[in-house]
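Reckoned from all heavy atoms, side chains included, excluding hydrogens, waters and symmetry mates. Everything numeric here is computed off the predicted structure, so don't read it as measured data. Note on naming: letters A, B, ... go to the chains in the order of the sequence lines (proteins, then strands), and numbering restarts at 1 for each one.
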Amino acid sequence: MAFRLFNTMSSRVEEFRPLIGKEVRMYACGPTVYDYGHIGNFRTFIAVDLLRRFLRQSGYKIRHVMNITDVDDKIIRNAARDGVSVQQYTAKYEKAFLEDAAMIDIEQPTLVRATEHIPEMAEFVTRLVERDIAYRTEDGSYYFRIAKFPQYGKLSKKDFSGMVDGARVDVDEYEKDSARDFALWKAPKPGEASWDSPIGPGRPGWHLECSVMSMKELGESFDLHAGGEDLVFPHHENEIAQSESLTGKPFAHFWFHARFLLVEGEKMSKSLGNFFTLRDLVLKGHKPSSLRYLLTSVPYRNQLNFTFDGLKQAAVSVERLRNFRLRLASGAFPAGTSSEMQSLARETADRMRAALEDDLNTAQAQAAIFEMIRRANAAFDSGAIRKDDIPPLLAVLGKFDEIFAVLHDDDAPRMKQVLEWAKAEGRDKDVTEKLQEAVQSGQLSDADIEKKVGEMEAARRARNFKVSDTLRTELVTAGIVVENTKDGVRWRRK
RNA sequence: GGCGCGGUACCCAAGUGGUAAGGGAGAGGUCUGCAAAACCUUUAUGCGUCGGUUCGAUUCCGACCCGCGCCUCCA
């Protein structure tokens, strides 16, 4: 079977194959670091993370580059408002973004920053000007001449051939030759932060950095370029125009776009009051793993409706996955193998792979793993599962987790970081009781828990239920659930 | 207006030209000192509405209704 992926350029699902060998060169548009990342941002970044993880699981080497947009109008404005430098301003939000990404197990790509590529961008513009593809306006800005790129619109399927110039032109843009021409380099307005460069002082236009940095890191043609669906036009269209008109070569082979999410059925917006950052959710007491699971449970090209009910459901689903693994890891089994369990493991691995190969159908991959869990649990209960069935079942679970990354329980310490951040930011009032409780379960060390659980078990065996119940209550209060099974006792953090 | 996507049970959500995955929630049951976990049974003659094609459509075609996205540097 081959990996089939939707390509925005062709508007269809195509077989994905790297241009060269077994190495995938991919570029993802990263955040503009002017504020904390919201759940919509993370839906996109998680989709890319899933893609990256699946490609690696499929045996590819990955060169994954992501930009940090650390200069744009909003950043310049906000930094000035706060009376700090652009660098100080963006450093804070870049750090926050990386912390958040790590919190939901997004693997970190190679990062490149716009402000660290000013000379390369100036050179790129110079080369465009030499070919008359770009031009300088009176104020010192540079624009891309769309008339020089007849294929403009091929990604977003827009037809600009009938466009008539000049009917209405924005006041700020009166110097442009054509209304559609876009800025490559913006001259500074009085008092604005700017960078010196061979093409004069100013700041890069947004699209330029991605063309320059992607080609620098990955070559003039590379395998895949990713981002949110809103980037199709104009951002990616403009990148293509700049890059291909300069190199004469196809820019990215595949274009990967994640669909926007809705919040409670509506577009997320600050005015509707349904705008949430990752930290907002954690402050409310939701686990990072719940969000990761929820965001992976709907295939990336479908609209995902984020709801708090859905987030709770996701949390329960993750619990089920974790409980199953705990059961596999801690149970006692008779020696030997069962052919049924062996084939169950094989079939599940195949189903999972087939689902993900089908344009990353995560919903089906999850259905496959839950089917396995139900059947294996039934085998547990009937005693049909054998000792040598455990490794293959665990291996399938491991494969699943290489992609979904929710089994490892690091929620409590991660939530604690958010708690500490909130205190440091003076946002104590936003810390909910639920968060406090969730952080609780990370307070006791494994050794402390083992000790208490041991005492509780001893009391239970002595049928001293009063003592054992007291210990159980203490543990529950500390966020630890103790489960007594016929194979012995086991515990987990709530 | 142009281009595109979607409407599947109480909720979330896959999917197929031949009769509806999975998760959550609910109900009943098994197990159990308590608790937890788990299993079993159960919950859409139905897949926005109306037509059409077909032996047969939720799946194809058409119309309509509703929701959503892009078309102004918002992932």
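Phe254(A) has its ring centre no less than 6.0 Å from the ring centre of His225(A). In this structure, Phe45(A) has its ring center closer than 6.0 angstrom to the ring center of Phe97(A).
Stacking between Phe465(A) and G33(B) is shown: the ring centroid lies under 5.5 Å from the centre of the six-membered base ring, and the planes differ by under 30°. With its ring centre under 5.5 Å from that of the base six-membered ring and a plane angle below 30°, Phe260(A) counts as stacked on A75(B).
Using a 4.0 Å heavy-atom distance criterion, Asp469(A) is classed as a base contact. Here Val232(A) lies out of heavy-atom contact (under 4.0 Å) with every strand. Contact annotation for Ser317(A): backbone-only contact, meaning every heavy-atom pair under 4.0 Å involves sugar-phosphate atoms and none involves a base. Residue Arg492(A) is classed as a sugar-phosphate contact, given heavy-atom separations below 4.0 Å to backbone atoms only. Heavy atoms of Arg327(A) sit under 4.0 angstrom from primed sugar atoms or phosphate atoms, though from no base atom. When heavy atoms are screened at a 4.0 angstrom cut-off, Lys312(A) is found touching no nucleic acid atom at all. Using a 4.0 Å heavy-atom criterion, one finds that His207(A) contacts no nucleic acid atom at all.
No side-chain donor-acceptor contact under 3.5 Å links Lys158(A) to the backbone of Gly153(A).
Atom CE in Met372(A) sits roughly 17 Å away from atom C1' in A21(B) (whole-Å rounding).
Remark: Arg145(A) engages Asp177(A) in a salt bridge, criterion side-chain N to carboxylate O under 4.0 Å. Arg492(A) has no carboxylate O lying under 4.0 Å from a charged side-chain N of Asp409(A), or vice versa, which leaves the two without a salt bridge.
When the C1' atom is used for both U8(B) and C66(B), the distance is 16 Å, rounded to whole Å. Of the C1' atoms belonging to U58(B) and A14(B), the separation is 13 Å, rounded to the nearest Å.
Distance from the side chain of Asn305(A) is smallest for C12(B) among the nucleotides C12(B), A35(B), G24(B).
Along RNA chain B, the nucleotide closest to Pro31(A) and the one closest to Arg460(A) are compared, and the more 5′ of them pairs with Arg460(A).
Of the nucleotides present, U49(B) is the one that pairs with A63(B) by Watson-Crick or G-U wobble criteria, both distances under 3.5 Å.
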